[in-house]
Amino acid sequence: MALTIACLLLASSGTRAGIISSSTVDTRFGTDGRANLQGLEWLHLSETAGLSRDDVTNNDGVAFIATGWRYATRSETETLITSLWSGIYDGWSADNFAGASWFVDTFGATFESTDSRFFNGLNWSRFFFGDIGECDREGFAVLSCIGLVQKALDAAGDIPSLNVTTGRFEFAYSSNPNTIQGLGWIDEEWGADLGVNAENDSLPTGLRMGETASLLVRDVPSPATIALMMIGLLGATRLRKTR
């Protein structure tokens, strides 16, 4: 019995398709960056891409909410996205590339451009999060917080962004035709909290687009909880056999 429980524990704690947690992915990026997953399990964006928030909430064709997943709160989302930020520029910049790339590569791109004239290799991840109406000034129950993280391999021109530390717009990316250096986009009003303002953009909960997914999370059960669940399942199995 002990061996069976141990095997079940290993199976339940291993890497699972579509689930992102500190035990399934490398949270490090760049030189010394680390994504803050806050001890939660996060669902890969490909699982809900193309579904509206209404679809997910109503378990229309999927059963994530019905099986224990929930929308990441605004605080959880901002903590994660801000942990990927370089600490300087609000928007596009070369030093936002490492963090933005980690998110898009780990959570999955919901949009990939093959014909952008300005950006080379543009990918983005766009997602619903938070409580409905939370990110709208009027609190409309048909609008949801929306997040967006982007990366590109290069741009055809220089790009200015707001330097949060100085409050000035500066050239945060300098295009070099001879070098591909990469640039990333992390923005105050699209899922991050950079200390510039408290607003976040929102989109209708009924929006159904391939470029938009849902940021879902769930608590990670402790090993003790999993063990108790396994013992209960084994006990129930034995009881059925003795009847």
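Side chain of Trp124 to backbone of Ser113: no donor-acceptor contact under 3.5 angstrom is found. Side chain of Ser175 to main chain of Ala155: a donor-acceptor pair is present (N/O by atom type, distance under 3.5 Å, no hydrogens or angles). Between the side chain of Asn58 and the backbone N or O of Asp60, no donor-acceptor pair lies under 3.5 Å. Here the side chain of Asp187 pairs no donor or acceptor atom with the backbone of Ala192 at under 3.5 angstrom. In this structure, Glu188 contributes its side chain and Gly195 its backbone to a donor-acceptor pair below 3.5 Å. Without hydrogens or angle criteria, Thr110 side chain to Ala49 main chain gives no donor-acceptor distance under 3.5 Å. Here the side chain of Thr48 pairs a donor or acceptor atom with the backbone of Ser214 at under 3.5 angstrom. A donor-acceptor pair is defined here as one N or O able to donate and one able to accept, closer than 3.5 Å; such a pair exists between the side chain of Gln38 and the backbone of Glu76.
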Using side chain to side chain contact (heavy atoms under 4.5 Å, CB included), reason through His44 and Ile20 one step at a time and then give a plain yes or no. CA-CA 7 Å; His44 195 276; Ile20 300 161; 4.2 Å; yes
May I have the step-by-step check of side-chain hydrogen bond (donor to acceptor under 3.5 Å, both in side chains) for Ser52 and Asp55, ending in yes or no? CA-CA 5 Å; Ser52 71; Asp55 292 335; 3.2 Å; yes
Chi angles and distances behind the side chain to side chain contact (heavy atoms under 4.5 Å, CB included) call for Leu40, Asp219: CA-CA 5 Å; Leu40 297 167; Asp219 295 327; 3.2 Å; yes
Yes or no on side-chain hydrogen bond (donor to acceptor under 3.5 Å, both in side chains) for Asn96 and Ser86, after CA distance, side-chain angles and deciding distance? CA-CA 5 Å; Asn96 278 339; Ser86 66; 2.9 Å; yes
Check against salt bridge (charged side-chain N to carboxylate O under 4.0 Å, His left out), Asp193 and Arg74: CA-CA 10 Å; Asp193 180 9; Arg74 184 172 180 180; over 6 Å; no
Stepwise, does the side chain to side chain contact (heavy atoms under 4.5 Å, CB included) test hold for Val25 with Leu37? CA-CA 10 Å; Val25 301; Leu37 295 177; 4.1 Å; yes
Go through the steps to decide whether Trp69 and Val56 satisfy the test side chain to side chain contact (heavy atoms under 4.5 Å, CB included), and finish with yes or no. CA-CA 10 Å; Trp69 293 91; Val56 175; over 6 Å; no
Evaluate side-chain hydrogen bond (donor to acceptor under 3.5 Å, both in side chains) for Ser21 paired with Ser23, printing each intermediate quantity in order. CA-CA 5 Å; Ser21 70; Ser23 63; 2.9 Å; yes
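The hydrophobic clustering, which links ILVMFWY residues whose side-chain heavy atoms are closer than 4.5 Å, places Ile146 and Phe111 together. Neither Leu194 nor Tyr89 shares a network with the other; the hydrophobic side chains, linked directly or stepwise wherever heavy atoms of I, L, V, M, F, W or Y lie under 4.5 Å apart, form separate groups for each. Put simply, Ile159 and Phe171 are part of two different groups of oily side chains (I, L, V, M, F, W, Y) that touch within less than 4.5 Å, one to the next. In the hydrophobic cluster analysis, where Ile, Leu, Val, Met, Phe, Trp and Tyr join through side-chain heavy atoms closer than 4.5 angstrom, Ile88 is grouped apart from Ile81. Note on Ile132 and Phe64: separate hydrophobic clusters, where clusters join Ile, Leu, Val, Met, Phe, Trp and Tyr whose side-chain heavy atoms are under 4.5 Å apart, directly or indirectly.
Asn200 contributes atom CG, which lies 11.0 Å from atom CG of Asp136 (distance to the nearest 0.5 angstrom). For the atom pair CG of Leu215 and OG of Ser125, the computed distance is 10.0 Å after rounding to the nearest 0.5 Å. Atom OG of residue Ser174 and atom CG of residue Asp158 lie 5.0 Å apart, to the nearest 0.5 angstrom. Distance OG/Ser93 to CD1/Ile186: 7.5 Å, rounded to 0.5 Å. Separation of atoms OG (Ser144) and CZ (Phe129) is listed at 7.5 Å; rounding is to 0.5 Å. Here Ser202 contributes atom OG and Leu143 contributes atom CG; the two are 4.5 Å apart, rounded to the nearest 0.5 Å.
Contact annotation: the side chain of Asp154 approaches that of Tyr173 to within less than 4.5 Å [non-hydrogen atoms, C-beta and beyond]. Between Arg218 and Ile19 the shortest side-chain heavy-atom distance falls below 4.5 Å. The side-chain heavy atoms of Val149 and Leu84, taken from C-beta on, include no pair separated by under 4.5 Å. Under the 4.5 Å side-chain criterion, counting only non-hydrogen atoms from C-beta, Val142 is not in contact with Pro204. For the pair Thr73/Asp131, no side-chain contact is recorded, criterion being any heavy-atom separation below 4.5 Å from C-beta on. With contacts defined as side-chain heavy-atom distances shorter than 4.5 Å, the pair Phe103/Lys151 does not qualify. For the pair Phe107 and Phe127, the minimum side-chain heavy-atom distance is 4.5 Å or more. With a 4.5 Å cut-off on side-chain heavy atoms, Tyr71 and Thr57 count as touching.
Few gaps surround CZ on Arg70; more than 12 heavy atoms of other groups in view lie less than 6.0 Å from it.
Here the closest heavy-atom approach between residue Ala72 and residue Trp42 is recorded as CB-CZ3, 3.8 Å. Pairing each heavy atom of Glu47 with each of Gly18, the nearest pair is OE2-CA, 3.7 Å. Contact detail for Ala100 and Gly184: the closest heavy-atom pair is CB-CA, 3.8 Å. Residues Met209 and Leu207 share a closest heavy-atom pair of SD-CD1, 3.5 Å. Nearest heavy atoms, Arg126 versus Trp190: CD-CZ3, 4.2 Å. Counting all heavy atoms, side chain and backbone alike, Ser161 lies closest to Ala172 at CB-CB, 3.9 Å.
Checked against the 6.0 Å centroid criterion, the rings of Phe119 and Trp92 qualify as a close aromatic pair.
Connectivity analysis of hydrophobic side chains (ILVMFWY, heavy atoms under 4.5 Å, direct or indirect) links Phe97 to nothing; its cluster partners are none.
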